[in-house]
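Below is one structure; the comments refer to it alone.
Small disclaimer: the values here were computed from a predicted structure and weren't measured.
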Amino acid sequence: MAEGVKRFYDRLAGSYHLMFDDWDASIKRQAAALAAILERECGAPTSLRILDCACGIGTQTLGLANLGCTVTACDVSPASVERARVEAAKRRLNVQLFVADMLDLSEIPDRNFDAVVCMDNALPHFESDEQLFQAATQIRRKLRAGATFIGSIRDYDSLVQERPVVLGPAFFSDHGNRRIVHQVWDWSDERRYAFHLYITEEVRGDWESQHYFSNYRAVLREEFSRIIQAAGFVACRWILPAESGFYQPIVLAKANNTP
């Protein structure tokens, strides 16, 4: 993954939770949505070995571990992995954590996972279909035959038509201090945009603003399905938020018999 993506998440790691109104509530809500899918696709979550291959600071990892799943997690950002390690320790959760790029998951010693999850629009950071294919191939190699891949991306099928330039602002409050979060999307062509995240906090009667920047490439659902099928997955299908309870479209696919 590009160095700029690692730098983006390294810088954001300490403030990532500020994008949420209540991060702990989001952890529980997302875990409940994913657990329902996992149970339907794989069996009882407490019996599952799961790899979260883009764990960030632990939004999905912590929630799934708290539900009793055996979770291994990794991320390209060392600062995010360290934050996830601290958050897991605070919650007394046993999670194996690694720094690893999805383009090369050989840092993860285990294989034959029951499921791999990759949430929060991590995959559209890749700059080309070739990189997406390489990441999907790495994910497939970590799964046993018949196991499940669960990923989420933004609804780019709609967004490439709308081409939004500003998302938000959202107004939050922490212990009487207000917080404003908004995004600016600077489209360079029909599929690529520079992503600017602004977090502005009320601090001791004044206001302080943080700015974070990265790049995304809008990938349509049909394109993504074709790539993961070429990488060794079958029975690919999509679940939209109205059905899943998750805030982004989710793709489900099964690992074929030959990695």
Side-chain angles (χ1 to χ4, degrees), residues 26-56 59-65 67-75 102 105 108 110-126 129 131-159 217-259:
S26 294
I27 289 172
K28 293 177 182 177
R29 184 168 56 250
Q30 292 187 30
L34 290 175
I37 296 170
L38 286 164
E39 185 163 13
R40 186 170 63 246
E41 299 294 320
C42 309
T46 53
S47 68
L48 300 179
R49 296 175 59 250
I50 298 171
L51 171 63
D52 183 349
C53 67
C55 70
T59 304
Q60 291 82 38
T61 290
L62 299 172
L64 291 173
L67 292 178
C69 302
T70 300
V71 183
T72 299
C74 66
D75 199 273
M102 276 188 281
L105 293 175
I108 312 301
D110 294 339
R111 300 183 67 168
N112 295 317
F113 287 96
D114 299 302
V116 171
V117 299
C118 183
M119 313 307 288
D120 293 338
N121 206 51
L123 290 162
H125 277 301
F126 290 115
D129 287 355
Q131 286 187 336
L132 265 180
F133 174 78
Q134 183 176 341
T137 300
Q138 288 290 304
I139 290 169
R140 169 61 192 92
R141 289 174 179 169
K142 289 299 175 183
L143 289 164
R144 61 171 176 78
T148 301
F149 169 64
I150 305 176
S152 79
I153 63 173
R154 291 183 183 271
D155 185 7
Y156 286 122
D157 288 51
S158 298
L159 291 169
R217 183 174 71 100
V219 183
L220 305 185
R221 291 193 286 273
E222 185 278 329
E223 296 168 342
F224 191 81
S225 298
R226 186 178 67 250
I227 290 168
I228 63 174
Q229 287 168 353
F233 289 92
V234 296
C236 178
R237 68 190 192 280
W238 290 84
I239 308 175
L240 298 183
E243 179 184 353
S244 69
F246 196 81
Y247 75 104
Q248 291 178 342
I250 285 177
V251 61
L252 299 175
K254 296 291 186 181
N256 68 9
N257 292 329
T258 307

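In terms of modelled atom types and a separation under 3.5 Å, the side chain of K28 and the main chain of G63 share no donor-acceptor contact. A donor-acceptor contact shorter than 3.5 Å is absent between the side chain of N256 and the backbone of V234. Put simply, the side chain of R49 gets close to the backbone of N112: a donor and an acceptor are under 3.5 Å apart. Counting only distance, with no hydrogens or angles, the side chain of R141 and the backbone of R111 share no donor-acceptor pair below 3.5 Å. Within the 3.5 Å criterion, the main-chain N or O of Q229 finds no donor-acceptor partner in the side chain of R226. Distance alone, capped at 3.5 Å, places no donor-acceptor pair between the D52 side chain and the V71 backbone.
No side-chain heavy atom of K142 sits under 4.5 Å from any side-chain heavy atom of I139. When side chains are defined from C-beta on, Y156 does not count as touching E223, because their heavy atoms never get closer than 4.5 Å. By the 4.5 Å heavy-atom criterion applied to side chains, L252 and I239 are counted as neighbours. Side-chain contact between S225 and W238: present, with at least one pair of heavy atoms (C-beta onward) separated by less than 4.5 Å.
Distance check, rounded to the nearest 0.5 Å: SG of C53 to CD of Q138 gives 10.0 Å. How far OG1 of T137 is from CG of L132: 10.5 Å, rounded to the nearest 0.5 Å. Annotation: the span from I150 atom CD1 to I50 atom CD1 amounts to 7.5 Å, rounded to 0.5 Å. Atoms CG and OG1, on L51 and T72 in that order, are 6.5 Å from each other to the nearest 0.5 Å. Between the CG atom of L123 and the SG atom of C118 there is a distance of 3.5 Å, given to the nearest 0.5 Å. The distance from the CD1 atom of I250 to the CD1 atom of I37 is 3.5 Å, given to the nearest 0.5 Å.
With sequence neighbours excluded, no residue forms a salt bridge (Lys or Arg N to Asp or Glu O under 4.0 Å) with E39. Every residue meeting the ring pair (Phe, Tyr, Trp, His ring centres under 6.0 Å) condition with F233, not counting sequence neighbours, appears here in chain and number order: F149. For R29, there are no salt bridge (Lys or Arg N to Asp or Glu O under 4.0 Å) partners, not counting sequence neighbours. Not counting sequence neighbours, T46 has no partner by the side-chain hydrogen bond (donor to acceptor under 3.5 Å, both in side chains) test. Taking D114 as the reference, R144 meet the salt bridge (Lys or Arg N to Asp or Glu O under 4.0 Å) condition, with sequence neighbours excluded. Take K254 and apply the salt bridge (Lys or Arg N to Asp or Glu O under 4.0 Å) test, not counting sequence neighbours, and it matches E41.
Residues P249 and R221 come closest through the heavy atom pair CG-NH1, 4.0 Å. For the pair L48 and A44, the tightest heavy-atom approach, listed with the atom from each and the gap, is CG-O, 3.4 Å. In terms of heavy atoms, D75 sits closest to C55 at OD2-N, 3.4 Å. Nearest approach of R154 to N121, heavy atoms of both residues: N-OD1, 2.8 Å. Summarising the geometry of S244 relative to A33, their closest heavy-atom pair is O-CB, 3.6 Å, with the distance given to 0.1 Å.
Checked against F126 for a side chain to side chain contact (heavy atoms under 4.5 Å, CB included), the options M102, R217, Q134 give a single hit: M102.
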(request) Give the C-alpha distance, both sets of side-chain angles, the deciding distance and a yes or no for side-chain contact (heavy atoms from CB on, under 4.5 Å) between L64 and Q30. (result) CA-CA 9 Å; L64 291 173; Q30 292 187 30; over 6 Å; no
